[in-house]
Amino acid sequence: MRTAEPYRIKMVEPLTMTTRAEREKAIADAGYNTFLLKSSVCYIDLLTDSGTNAMSDRQWSALMMGDEAYAGARSFDHLLEAVQEAYGLPYVVPTHQGRGAEHLISKILIKPGQYVAGNMYFTTTRVHQELAGATFVDVIRDEAHDPTRADIPFKGNIDLDKLQALIDDKGAENIAYVNLAVTVNMAGGQPVSMANIKAVSELCKRNGIILWSDATRLAENSWFIKEREEGYADTPCAEIVKEMLSYVDGLTMSGKKDALVNIGGFLAMRSEAILEEARGLVVVYEGMPTYGGLSGRDLEAMAVGLREALDDAYLEHRIGQVRYLGDQLKAAGVPIVEPVGGHAVFIDARAFLPHLSQDDFPAQALAAELFVESGVRSMERGIVSAGRDADGNNRHPALELVRLTIPRRVYTNAHMDVVADAVIELWKNRDAIRGLRFVHEAPTLRFFTSRFEPIPARSPLPEQAEEHPVGAVDVRP
Ligand code: PLI
C-alpha cells in the first residue's frame, strides 16, 4: 500500500511564482549567490533544512507555555527532561543554535595546537575548532568522497584505520576529541552504522579520547540503521537513538534540524566537569544556563520537537520524500550522490558540468542557474563552501555538489515533482551553463555572503578565429 504524508495541513503559506526575467534580475542583484536572494522570490526554497521546519500543533501549543523568567524557568526543566528521556544524557546547556554549542565545546575541549578528528568537516564546526586553535583531520571512509559509490549503505562511517593512524602519528594526548557527525551533511546526508559508532567509541576509550557527536541529524541517521543494519528492523527509532548516544560522551545539537524547530540548539553531556565549564562560558556568550540565548517558548517547542522527530512514521515519510526526489533525478540520468541521504538530494556538479573546472565554481553556477530556470533555491556545497586553507589557498574538495535540501514537513511530493522537472530541464541544456568568478570574497564562511559574476563568454583569438568555431577557444589568462 502506498503511504502519504503522516500529517494533515492546518495552516498554509502562499507561494509566489516569478517570471524568468524577474529571476534573472534577482540572481544578478544577489551576486549569483543563492544565500543573498530574498525568500520572496524563491518559489520552492530548498536552500536548507535548517530552521525551516514546520512545527506541529503540539509545538505551537507548547509555545504558549513558555516560561520567560530570566533564571530558573520551568521551560528549561522541560527541555532537560526531554533530553534525558529521549537521548539518555544527564546534563544540558541550551544555546541559540548549533554553532553556539560548537563554539562552547571547542573552547572547552581544545588546547591550541591539538587535532580534532571527524567524519568530514562541517563549515561552522570546523571554523570553531580552528578558532580554538585546533587542526581538523578528516577520518571518514574514502568512499564518502565518491558520489558514485551507491553500494555503500553507511558512507558516513569513520575509517578506524585512519583514526588509529592519526592517534599513532600525533599521540592520543594531542587529539582534543573525535567529532562523530550523524548523518554526515557534506557527504550527502550519509549515515553512520551502529557498529561503527560502537567501534569508534571503543577505540576512543582505549586511548582515553573524548567522543563527541554532532547529533544534528541523529533521528534521520537512526532510520537508516533501522532500514539497513542487521538486527534493527524491528527496533523503534527512539530506541536506536538512545543506543547510538549511549556510546558518546556528549553532543552538540542544532535543534533547527532534528528537533523540528526554527531556532535553538544545545550541548548535552555526561561529565559534570564539562557541564561546569559550559555553564561558565554560556553566560558569557549566550545567556543564563537555563536559557542560553533562547526564549522560554523556544525551549518548550524544542522539547516537544525532539521527541516528535523520533517517530517511525514521521521518519519513514521524511527519508522517503528525499528518496522520491532523488529517484526521479536518477531515472533521468542526472548525476547525484548515491545512495540518496537523509535530508537532501545532492547533484554532482562536476559530472553535470564537465566543461567547467572546479575553479569556475560549477556548483555555485548550477545553483544560480536552477534558480533562474525555476525559482527553486538550492545551495552550493563545494569549493566555495570549503574556503581557503591556512596558507590562503583554495581548498579543492572531492565533492562539488548542489544541495536540494528538503525542509521537514513543509513541501508535498507535488513540489518534489516540480523540482525534478526543473533539474531535468537544466540537465538537457547543461552545455550552455557558464562558470562564475568572485566579485567580492568574504573572509570567513565565504559561501554565505560572497558575490560572483558570470565568466564572460570565451571569444576566439583573431589568428585562431578561422580554425575554431566561436566559443571553442579559451583565451582567459
Ligand atoms: O546552523 P546551526 O548553527 O544551528 O548548526 C550548525 C550545524 C552543525 N552541524 C551540522 C552537521 C550542520 O548541518 C549545521 C548547520 N547546517 C546548516 C545551516 C545547513 O544548511 O546544513
Side-chain angles (χ1 to χ4, degrees), residues 33-35 37 39 42 45-53 93-106 116 118-131 136 138 140 144 156 158 179-192 212-221 248 250-268 285-286 292-294 298 301-302 305-306 309 322 337 341-346 363 367 377-382 384-386 399 401-408 410 444-449:
N33 183 346
T34 53
F35 277 99
L37 287 167
S39 78
C42 300
D45 197 347
L46 305 188
L47 183 72
T48 178
D49 62 328
S50 180
T52 52
N53 304 306
V93 175
T95 56
H96 76 283
Q97 59 183 89
R99 69 201 71 178
E102 291 169 347
H103 177 208
L104 302 188
I105 203 61
S106 300
V116 177
N119 47 348
M120 208 173 267
Y121 86 102
F122 183 71
T123 53
T124 58
T125 321
R126 185 175 63 192
V127 160
H128 281 298
Q129 290 160 354
E130 289 175 350
L131 288 172
F136 173 78
D138 187 0
I140 202 167
I158 283 183
N179 191 46
L180 179 69
V182 286
T183 58
V184 183
N185 187 357
M186 301 298 274
Q190 301 297 330
V192 179
W212 215 255
S213 178
D214 179 344
T216 291
R217 297 183 179 85
L218 80 175
E220 289 161 5
N221 197 99
V248 305
L251 58 86
T252 52
M253 182 70 187
S254 168
K256 301 174 73 170
K257 285 83 167 175
D258 271 355
L260 295 173
V261 287
N262 305 118
I263 193 71
F266 53 88
L267 280 171
Y285 294 108
E286 304 273 326
L294 296 169
D298 297 328
M302 196 153 60
L306 71 84
V322 177
V337 173
H343 65 299
V345 177
F346 289 71
R377 171 154 68 170
S378 58
M379 182 195 288
E380 190 265 6
R381 294 276 80 155
V384 179
S385 294
L399 296 175
L401 308 174
V402 170
R403 190 180 73 175
L404 301 163
T405 337
I406 319 297
R408 296 171 185 79
V410 171
T444 313
L445 297 175
R446 64 184 184 179
F447 54 96
F448 282 131
T449 53

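Every number for a ligand or one of its atoms is a count from 1 in the order of the listing.
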For Ser213 and Leu180, work out which heavy atoms get closest and say how close. OG-O, 2.9 Å

Tell me, which protein residue and heavy-atom name are nearest atom 1 (O) of ligand 1, and how many Å apart are they? Arg99 NH2, 2.9 Å

Which atoms from ligand 1 have a heavy atom of Met379 less than 4.0 Å away? 20 (O)

Looking only at protein heavy atoms, which one is nearest to atom 17 (C) of ligand 1, and what is the separation? Lys257 NZ, 3.5 Å

Could you list the atoms of ligand 1 found under 4.0 angstrom from a heavy atom of Thr124? 6 (C), 7 (C)

By side chain to side chain donor-acceptor pair (under 3.5 Å), Lys256 pairs with (sequence neighbours left out) none

Qualifying residue, where the test is side chain to side chain donor-acceptor pair (under 3.5 Å) with His343 and the options are Asn185, Asp258, Thr405: Asn185

What residue and atom, counting heavy atoms only, is the protein's closest point to atom 8 (C) of ligand 1, and at what distance? Glu102 OE2, 3.0 Å

Working to the nearest 0.5 Å, report the span between OG of Ser106 and CD of Gln129. 5.5 Å

Identify, by atom number and element, the atoms of ligand 1 in contact range of Ser50, meaning under 4.0 Å from any of its heavy atoms. 1 (O), 17 (C), 18 (C)

Which atoms of ligand 1 are found less than 4.0 Å from any heavy atom of Lys256? 4 (O)

Close-contact set for ligand 1 against Thr216 heavy atoms, below 4.0 Å: 8 (C), 9 (N), 10 (C)

Who's closest to atom 2 (P) of ligand 1 heavy-atom-wise, of His96, Gln97, Arg217, Arg381? Gln97

From Arg99 CZ over to Ser50 OG, what is the distance, rounded to the nearest 0.5 angstrom? 7.0 Å

Pairwise distance SG(Cys42) to CZ(Arg377) - rounded to 0.5 angstrom: 3.5 Å

What protein heavy atom sits nearest atom 7 (C) of ligand 1, and how far away is it? Phe122 CE2, 3.5 Å

Arg403 near ligand 1 by a heavy-atom separation under 4.0 Å: yes

With a 4.5 Å limit on heavy-atom distance, are the side chains of Val93 and Glu286 in contact? no

Have a look at Gly255, Ser254, Gly189, Gly264 and point out the one with the heavy atom closest to atom 4 (O) of ligand 1. Ser254

What residue and heavy atom of the protein are closest to atom 9 (N) of ligand 1, and at what distance? Asp214 OD2, 2.6 Å

At less than 4.0 angstrom from any non-hydrogen atom of Gly98, what atoms of ligand 1 do you find? 2 (P), 3 (O), 4 (O), 5 (O)

Atoms of ligand 1 under 4.0 Å from any heavy atom of Thr48, numbered from 1 in the order shown, are 19 (C), 20 (O)

Classify the side-chain pair Glu380/Ser385 by whether it contains a donor and acceptor separated by less than 3.5 Å. yes

Distance in Å, Asn179 CG paired with Tyr121 OH, rounded so as to fall on 0.5 Å steps: 14.5 Å

